[in-house]
> 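I'd like to ask you about the structure that follows.
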There are 2 protein chains.
Amino acid sequence: PLRGKHDERSLVFADLTQEEYAQVQRYMLQQKDLDISTQQVTKPGANFLFLIDLSLPKKADALSYLDGKGPQPMREATVVVFHGARGYIKEYVVWPLPNPKHHRDVTTERYKRELPINARTVTVGEYVLLSEFIKNKVFSKLRKLLKESFDVNEGETLYTFEQVPRGLRSGDRTSWLNCLKDVSGVYVNPVGLDLLINHESVNSSHWKVERLFYNGQYFDSVEELRRKYDAGTIKKIVYRNSPNHASLKTRTKPLQIGPQLFYAEGKRYSISHNHVLYLDWSFAFGLSSLTGMRVFDVRFSGERIVYELSVQEATSVYGSATPGMILTKFVDSNFGIGRFAHELVRGVDCPSAATYVDTYRYIDVPVPVRYRNSICVFEHNMGQPLRRHFSDFAHHSYGGLANSALVMRTITAIANYDYMWDFVFYQNGAVEAKVHATGFIASSYLVDGSLRYGHQVAENVLGNIHTHFVNFKVDLDVTGVKNVFQTKDMQFVNMSLPWRPDRYAMIPELVEKQLKTEKEAALRHHTKTPRYLHIASNKTNRWGHQRSYRLQVYTFAGDNLPESEAEEKAMSWARYKVAITKHKDSEQTSSSVYNQNDMWNPAVDFSKYMEDDESIENEDLVAWVTAGFLHIPHAEDIPNTVTVGNGGGVLLRPHNYFDEDPSVNSPDAVYFSAG
Amino acid sequence: PLRGKHDERSLVFADLTQEEYAQVQRYMLQQKDLDISTQQVTKPGANFLFLIDLSLPKKADALSYLDGKGPQPMREATVVVFHGARGYIKEYVVWPLPNPKHHRDVTTERYKRELPINARTVTVGEYVLLSEFIKNKVFSKLRKLLKESFDVNEGETLYTFEQVPRGLRSGDRTSWLNCLKDVSGVYVNPVGLDLLINHESVNSSHWKVERLFYNGQYFDSVEELRRKYDAGTIKKIVYRNSPNHASLKTRTKPLQIGPQLFYAEGKRYSISHNHVLYLDWSFAFGLSSLTGMRVFDVRFSGERIVYELSVQEATSVYGSATPGMILTKFVDSNFGIGRFAHELVRGVDCPSAATYVDTYRYIDVPVPVRYRNSICVFEHNMGQPLRRHFSDFAHHSYGGLANSALVMRTITAIANYDYMWDFVFYQNGAVEAKVHATGFIASSYLVDGSLRYGHQVAENVLGNIHTHFVNFKVDLDVTGVKNVFQTKDMQFVNMSLPWRPDRYAMIPELVEKQLKTEKEAALRHHTKTPRYLHIASNKTNRWGHQRSYRLQVYTFAGDNLPESEAEEKAMSWARYKVAITKHKDSEQTSSSVYNQNDMWNPAVDFSKYMEDDESIENEDLVAWVTAGFLHIPHAEDIPNTVTVGNGGGVLLRPHNYFDEDPSVNSPDAVYFSAG
Ligand SMILES: [Ca+2]
Ligand SMILES: [Ca+2]
Ligand SMILES: [Ca+2]
Ligand SMILES: [Ca+2]
Ligand SMILES: [Cu+2]
Ligand SMILES: [Cu+2]
């Protein structure tokens with residue numbers, strides 16, 4: 001039996017439907033002046049319809065509609081067109097949905113500038129050309145080397161894994177490609193050949209090979225490598241066959257099934273469209289192709305606590321002795337985080353009993369695509385009490401409550417890495433957002449000096465040292481949108497004892513502060529930050545304390561790339577464990593799909609959100625939370641990194657928000673006393 | 001089907017049996033010269049047999065026996081006698097077991113000094129006298145006040161909750177008692193009366209009331225309080241009835257059962273005596289009455305990884321405006337952590353399907369006591385993959401493994417708090433030790449100035465700010481006992497790019513260090529410590545790297561009590577996030593049962609273990625790990641603190657220990673590919 005009712009108003013946050021994507025696509029194709037192609041293999045020199053995604057409604061409009069005070073906001077789509085023929089990228093808003101009739105260029109409105117064409121994501125169309133280019137201009141000229149060094153025969157190829165950023169300054173589009181053995185688990189099968197390809201021109205006939213790196217040696221051209229290889233004047237790699245250490249094939253037959261979850265009396269949650277009900281909780285959800293999973297209008301007992309909780313970005317910075325990875329800095333939303341939310345495997349990725357939800361996306365495709373079972377929702381038995389007390393000494397009794405919580409999950413397999421994103425809803429009113437990393441590490445072929453950058457993890461394979469930083473947007477609205485940012489901590493104060501004034505002792509005291517501006521509230525990693533961080537209301541609970549939610553960040557991240565590096569601007573959110581900004585519809589995300597390929601002049605530089613140092617007193621506040629960890633790969637990362645210990649996140653906990661723990665009202669509570 | 005075989009040699013770590021306790025008790029009673037009583041209400045002035053517990057074997061003897069190279073170590077018991085008649089505490093070793101024939105005073109051998117009688121734990125015998133004393137010397141003289149202020153009638157009483165330490169210097173035994181309403185959840189029902197009782201003498205006729213605190217006012221004697229109360233010259237508390245906010249009684253009828261765990265094909269672990277088998281894991285376990293749960297000889301695929309993993313201590317430091325809690329610093333092993341491992345409730349404390357194990361203890365009792373179902377062991381479905389990868393781009397395939405892990409748990413309800421202690425064994429070779437806090441907060445009656453020390457959480461009740469620090473002993477033996485302590489981290493180094501020497505970039509490098517002495521390896525909280533800490537062997541794995549286990553500490557603790565305070569010595573382990581010492585049988589624990597009542601001159605001062613600054617190169621190393629959190633109580637701590645977010649611990653992870661992730665051999669692994 002459900003406590004709440006589904007609310008169709010949550011559809012304002014719903015992803016576009018398959019039909020809506022198709023309508024927008026058709027509408028855009030009808031705009032003949034835009035001269036758009038939707039073919040998947042559109043060449044970079046043409047105008048390509050790259051992305052269609054929901055335009056989120058303005059917050060004020062959405063709130064007024066959700067709260068029954070205003071009309072339903074117009075439903076709109078954002079369309080990204082890579083105008084290769086014109087040398088720029090455009091974002092259009094298309095409306096109304098369904099049945100779009102209008103469009104408008106919103107590029108400069110959103111980014112305060114034009115977007116250069118080379119900031120675009122590499123499309124399938126460009127990958128196809130790159131692949132042909134490498135085949136024709138590189139591999140076909142190195143047949144002997146490929147055969148002798150890598151056992152690659154005619155008709156076979158090496159897999160190439162592109163490294164980013166693509167160059168050293170704005171406008172560059174020169175990518176190092178690591179060549180990998182084309183077997184399963186390619187990412188940990190580097191062969192010792194890296195290629196630097198200049199694909200800056202939208203005309204692929206201008207592309208060129210700028211440098212090669214083979215077995216630790218640099219070459220200026222394919223011809224130079226071939227000549228020296230044939231002349232025998234260089235150190236050669238001689239192929240030696242070995243079993244694939246990266247195989248995920250099972251080695252042991254199933255013996256006995258492991259512990260399973262079951263719902264003896266059925267599910268206690270309900271999903272209708274994009275609206276979820278679970279005990280006292282309700283929320284809307286969606287999945288952005290770019291940023292990934294998100295929830296909106298999260299309510300407990302009908303009261304909104306979170307307006308938006310969303311994944312924003314995931315980055316990794318690598319070290320290497322090989323050129324392919326020396327500069328590697330992945331900024332995943334460029335590839336699309338939600339884009340790679342593929343089907344979840346029952347019983348492994350989520351419990352068998354979970355509910356699996358399909359999603360629909362339009363990104364770098366010719367038609368909208370359905371992703372079957374790409375979100376899972378389940379109530380989990382956490383295997384522990386949420387609370388309990390056994391009274392030993394007085395009034396013998398026991399009271400407790402098992403910790404059953406609702407989990408919403410996507411796993412995004414972005415090339416080598418699989419990130420598991422979880423939002424968890426607890427019976428005490430807490431919400432958690434967390435990520436764990438699994439999948440394959442990125443690796444490099446072992447050369448002289450490699451061991452300064454990681455550990456050897458397989459024959460001739462280095463697992464390269466790197467960071468994982470992820471960013472979450474946490475738009476808490478505590479009793480409404482007007483909030484303050486509060487910190488609490490303990491300090492020891494020397495004081496004389498009231499009953500023995502001659503004696504002094506250091507006594508812990510509560511220290512509360514309110515941070516008043518965006519710059520004050522930008523809390524950097526590795527600075528001593530107060531242990532408690534709160535988004536608080538000026539409304540008080542029954543005991544006279546400001547109602548608040550506490551942000552408890554779980555992170556093992558250390559320093560990110562120094563700010564002296566030009567690329568750092570493209571991930572400046574990673575400077576801060578927590579940063580608080582005044583909410584603006586125009587500051588929807590902390591990063592952008594364009595940051596990766598123009599890191600030096602990124603379309604969104606998060607640190608600028610705080611540059612105006614606005615007041616955060618009694619304003620609508622957004623917390624941007626960064627979690628992560630340092631990854632020094634080790635033998636046990638082969639074949640895959642494990643989730644255990646490799647994660648981070650943030651817990652949003654009520655702190656004087658309620659008058660008592662709301663889990664006292666749980667129907668799961670247990671109590672018994674003696675006699 | 002189990003992979004390993006049970007090993008009865010694990011019985012060297014087994015707790016004493018009910019019969020062994022009885023035999024030791026009888027043996028001690030036969031020693032007429034010791035003049036021991038085993039009556040539960042033995043008065044402090046007599047010689048009381050307080051504790052019988054297993055004496056752990058010397059490590060070298062145990063290892064030699066476990067490894068088939070030596071005889072079975074003699075089984076011995078430790079006996080603690082509070083010699084009230086003689087003014088000291090003695091520890092005896094009694095042997096052999098079964099059928100003891102000898103005993104020996106090991107006090108000075110263990111503590112390098114005599115133990116003063118006032119360092120003893122307050123026994124049931126002393127509590128009974130204290131209770132009578134308070135009834136006769138305090139409550140019976142304040143009937144009018146008790147009735148008018150607290151509605152306590154003739155024949156009724158207030159519950160008293162003693163605060164520690166008991167005074168200001170060594171030898172003191174002067175305890176503040178908070179008076180609490182004698183209802184369920186007493187700990188959050190303070191009434192506004194605190195009593196300072198001097199019970200220093202072992203002769204209770206010398207005890208006295210030294211001070212009283214009523215409604216924010218101090219009084220030198222019961223008479224003064226009564227006189228002024230009757231005269232109406234003081235601020236009175238006028239009783240007002242209110243519902244008990246601390247009740248754990250259920251408020252909502254069960255609606256629908258929550259998610260359950262089940263073993264469709266039976267359990268995949270086995271427990272024989274104190275030996276556990278689970279997939280590749282095996283280990284022995286025990287429960288010390290003082291320190292709590294512990295495991296020994298933890299092996300993965302037959303190879304020993306951990307010699308001992310054990311709970312050592314739990315402390316809390318409080319702040320308050322009321323004298324009862326101004327100085328409060330709980331050091332739980334004094335009361336006994338394992339002592340309060342009571343029966344676990346099926347379906348709340350552990351899943352219904354778990355295995356529940358009985359334990360037997362002898363502490364402050366007249367006969368050995370059986371604690372039914374006081375340890376639970378279960379395999380849990382963690383609701384997530386341990387590892388997985390979906391290959392989108394090349395060689396379409398999926399490989400994954402559900403994260404099923406074995407959990408061993410006790411919950412120790414030490415007065416107000418319930419600590420949940422978990423050891424978790426994962427399929428990738430990782431072991432976790434963690435603690436979560438639940439149960440009741442300690443609280444004080446609201447007086448002027450209270451709000452500097454916490455938040456009001458109920459009518460007239462302050463939840464007092466406090467710390468939680470817990471200490472684990474982690475005796476890893478990585479490929480044997482000779483290990484080193486290694487750290488790893490990342491640093492950014494500016495370097496010129498090999499293919500563009502004119503261009504420089506900051507590149508992340510691996511930094512490895514080996515810390516060589518105990519003082520170097522004593523890593524304080526709030527100093528910047530390397531992100532990776534390893535116990536490593538000089539033996540290498542297949543790829544030439546030192547085999548190691550990494551210690552990943554999860555903690556939200558900040559500063560503990562400053563070292564300037566005399567009491568800090570009694571919990572000096574809390575200075576360090578991680579401290580590494582050279583193993584010694586004589587340094588078995590980081591704290592002692594005597595530290596609480598003689599904090600100023602503690603029987604064990606952990607920091608002294610490092611005072612000789614011994615070499616930790618190629619030695620048997622022990623890591624002492626501290627985790628914890630700051631607790632600023634809030635309304636939601638009523639009725640009970642929740643486990644979510646309130647915990648800490650340490651994860652022991654293989655790092656180049658294996659040649660690849662051992663979970664590749666799991667029978668649970670799943671793989672499939674396209675077509
Ligand atoms: Ca701003
Ligand atoms: Ca907000
Ligand atoms: Ca030492
Ligand atoms: Ca050791
Ligand atoms: Cu990684
Ligand atoms: Cu606490």
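Below, chain A is the first sequence line, B the second, and so on; all start at residue 1.
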> Name the region of B:Y657, side chain, backbone, both or neither, that has any atom closer than 4.5 Å to a heavy atom of chain A.
both
> Counting only heavy atoms closer than 4.5 Å, note whether B:E565 contacts chain A via side chain, backbone, both or neither.
side chain
> Hey, does the side chain of A:E379 reach the backbone of B:P259 with a donor-acceptor pair shorter than 3.5 angstrom?
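Side chain of A:E379 to backbone of B:P259: no pair is present.
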> Select, from A:S391, A:S404, A:S184, A:G185, the one with the greatest count of heavy-atom pairs under 4.5 Å involving chain B.
A:S184
> Side chain from CB out, backbone as N, CA, C, O: work out which of these in B:A415 comes under 4.5 Å of a heavy atom of chain A, or both, or neither.
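Both parts, heavy atoms under 4.5 Å.
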> Has the side chain of A:Q256 got a donor or acceptor atom that lies under 3.5 Å from a matching backbone atom of B:E265?
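Checking the backbone N and O of B:E265 against the side chain of A:Q256, a donor-acceptor pair under 3.5 Å is found.
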> I'd like to know which of A:I326, A:V644, A:L651 tops the heavy-atom pair count under 4.5 Å against chain B.
A:V644
> Hey, are the side chains of A:V317 and B:P508 touching, using non-hydrogen atoms and a 4.5 Å cut-off?
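Counting from C-beta outward, A:V317 and B:P508 do come under 4.5 Å.
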> By a 4.5 Å heavy-atom criterion (distance strictly below it), what part of A:S320 contacts chain B: side chain, backbone, both, or neither?
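A:S320 touches chain B through backbone heavy atoms alone.
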> Which atoms of B:R531 come close to chain A, meaning under 4.5 Å heavy atom to heavy atom: side chain ones, backbone ones, both, or neither?
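Interface part for B:R531: side chain.
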> Taking side chain as everything from C-beta outward and backbone as N, CA, C, O, which of these in A:N665 sits under 4.5 Å from a heavy atom of chain B? Side chain, backbone, both or neither.
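Both the backbone and the side chain of A:N665 come within 4.5 Å of chain B.
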> So for B:Y218, is it side chain, backbone, both, or neither that comes closer than 4.5 Å to the heavy atoms of chain A?
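For B:Y218, side-chain heavy atoms alone lie under 4.5 Å from chain A.
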> Side chain from CB out, backbone as N, CA, C, O: work out which of these in B:K528 comes under 4.5 Å of a heavy atom of chain A, or both, or neither.
side chain
> Quick one: what part of A:D659 sits under 4.5 Å from any heavy atom of chain B, side chain, backbone, both or neither?
backbone
> With only heavy atoms counted, which part of B:F658 is less than 4.5 Å from chain A, the side chain, the backbone, both or neither?
both
> Which residue out of A:S247, A:S666, A:P254 racks up the most heavy-atom pairs below 4.5 Å with chain B?
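Heavy-atom pairs under 4.5 Å are most numerous for A:P254.
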> Does any heavy atom of chain B fall under 4.5 Å from the side chain of A:M495, the backbone, both, or neither of them?
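Looking at A:M495, just its side chain touches chain B.
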> Quick one: of A:E459, A:E210, A:E343, who has the most non-hydrogen atom pairs under 4.5 Å with chain B?
A:E459
> Mark yes or no for whether B:D422, through its side chain, and B:V424, through its backbone, hold a donor-acceptor pair below 3.5 Å.
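Flag not set: sc B:D422 to bb B:V424 has no pair under 3.5 Å.
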> Has the side chain of B:R387 got a donor or acceptor atom that lies under 3.5 Å from a matching backbone atom of B:S663?
yes
> Quick check on B:N464 against chain A: is it the side chain, the backbone, both or neither that has a heavy atom closer than 4.5 Å?
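Contact with chain A is absent: no heavy atom of B:N464 under 4.5 Å.
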> For a quick check under 3.5 Å, do B:H455 and A:K488 share a side-chain donor-acceptor pair by atom type?
yes
> Quick one: what part of B:L386 sits under 4.5 Å from any heavy atom of chain A, side chain, backbone, both or neither?
both
> Top residue by heavy-atom pair count (under 4.5 Å) with chain B, among A:F390, A:Y263, A:Y159?
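Sorted descending by pairs with chain B, the first entry is A:F390.
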> Relative to chain B, which segment of A:I632 carries a heavy atom at a distance below 4.5 Å: side chain, backbone, both, or neither?
both
> Given the options A:D668, A:V345, A:N541, A:N428, which has more heavy-atom pairs under 4.5 Å with chain B than any of the others?
A:V345
> Is A:H466 in contact with chain B via its backbone, its side chain, both, or neither, using a 4.5 Å heavy-atom distance?
backbone
> Per the side-chain contact (heavy atoms from CB on, under 4.5 Å) rule, which among A:D418, A:L248, A:D637, A:I638 passes with A:F440?
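Option passing the side-chain contact (heavy atoms from CB on, under 4.5 Å) with A:F440: A:L248.
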> With only heavy atoms counted, which part of A:R211 is less than 4.5 Å from chain B, the side chain, the backbone, both or neither?
side chain
> Answer with side chain, backbone, both or neither: which region of B:M420 has an atom nearer than 4.5 Å to a non-hydrogen atom of chain A?
side chain
> Examine whether an atom of B:F378 lies under 4.5 Å from a heavy atom of chain A, and if so say whether it belongs to the side chain, the backbone or both; otherwise answer neither.
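Side chain of B:F378 only, per the 4.5 Å heavy-atom cut-off to chain A.
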> Using non-hydrogen atoms only, which part of A:D349 is less than 4.5 Å away from chain B: side chain, backbone, both, or neither?
both
